[in-house]
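Inspection log for the structure reproduced underneath, given as structure tokens.
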Amino acid sequence: MPDESKKNRFLTIDQAAKELNVKQSLIPSLIRTGELRAIQVGGRAIWRIGANDLEDYIAEAYRRTAERVAAGELTNDGEEDTSS
């Protein structure tokens with residue numbers, strides 16, 4: 001089990017993508033839309049995502065998903081209900 005005290009405070013785009021198990025190209029898109037907070041460090045292509053910001057994004061995604069399930073917008077298999 002990794003030592004939590006040694007966990008990085010900031011993640012690269014690649015690390016954030018691996019944490020979410022998504023394509024790396026999704027992370028800059030989430031940053032651009034404001035869904036995921038990030039900071040630009042130094043050069044224009046150097047972005048870092050705070051570990052806490054990634055956890056906040058995950059918590060918000062769970063909240064939005066729960067709302068959609070409660071509203072009947074998602075089916076049991078996770079697909080959107082397009083019958084209406």
Side-chain angles (χ1 to χ4, degrees):
M1 177 181 264
D3 183 356
E4 287 298 315
S5 65
K6 293 185 180 185
K7 190 173 183 178
N8 291 335
R9 179 176 175 183
F10 292 99
L11 305 170
T12 64
I13 286 175
D14 183 55
Q15 289 169 323
K18 286 179 182 172
E19 187 74 20
L20 293 174
N21 196 27
V22 298
K23 290 183 179 180
Q24 188 174 345
S25 61
L26 178 62
I27 302 302
S29 177
L30 293 172
I31 293 168
R32 275 192 304 278
T33 63
E35 292 181 68
L36 180 60
R37 285 177 29 136
I39 59 171
Q40 197 171 19
V41 181
R44 57 179 232 217
I46 300 174
W47 288 93
R48 294 296 178 263
I49 297 101
N52 290 337
D53 292 320
L54 188 61
E55 291 302 322
D56 290 346
Y57 171 80
I58 293 167
E60 179 62 16
Y62 273 121
R63 187 195 64 73
R64 284 192 314 264
T65 302
E67 280 183 359
R68 293 181 71 196
V69 168
E73 294 177 10
L74 297 176
T75 63
N76 289 338
D77 59 3
E79 295 295 321
E80 291 190 35
D81 183 3
T82 58
S83 62
S84 43

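For the numbers below, each heavy atom of this structure counts, side chains included, while hydrogens, waters and symmetry mates do not.
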[X] [atom1] to [Y] [atom2] distance, which is reported to the nearest 0.5 Å:
X: Ile31; Y: Ile39; atom1: CD1; atom2: CD1; value: 10.5 Å
X: Leu20; Y: Leu30; atom1: CG; atom2: CG; value: 7.5 Å
X: Ile49; Y: Glu19; atom1: CD1; atom2: CD; value: 11.0 Å

When you group the ILVMFWY residues by side-chain heavy-atom contacts below 4.5 Å and let the links chain together, are Leu26 and Tyr62 in the same group? yes

Taking a hydrophobic cluster as the set of Ile, Leu, Val, Met, Phe, Trp and Tyr residues connected by side-chain heavy atoms closer than 4.5 Å, whether directly or through intermediates, do Ile58 and Ile13 fall within one such cluster? yes

Heavy-atom pair of closest approach, residues Asn8 and Ala51: O-CB, 3.7 Å

Minimum heavy-atom separation for Gln40 to Ala45, with atom names? NE2-N, 4.3 Å

Going by side chain to side chain contact (heavy atoms under 4.5 Å, CB included), name the residues that satisfy it together with Asp14, two or more places apart in sequence or in a different chain. Thr12, Lys18, Gln24

Under the side chain to side chain contact (heavy atoms under 4.5 Å, CB included) test, residues paired with Arg64 that sit two or more places apart: Glu35, Tyr57, Glu60, Ala61

Check whether more than 12 heavy atoms from other residues, nucleotides or ligands sit under 6.0 Å from atom CZ of Arg9, and answer yes or no. no

Pairs satisfying salt bridge (charged side-chain N to carboxylate O under 4.0 Å, His left out), at least one member in residues 46-58, at least two apart: Arg37-Asp53

Residue pair Ile27 / Trp47, side-chain heavy-atom distance below 4.5 Å: no

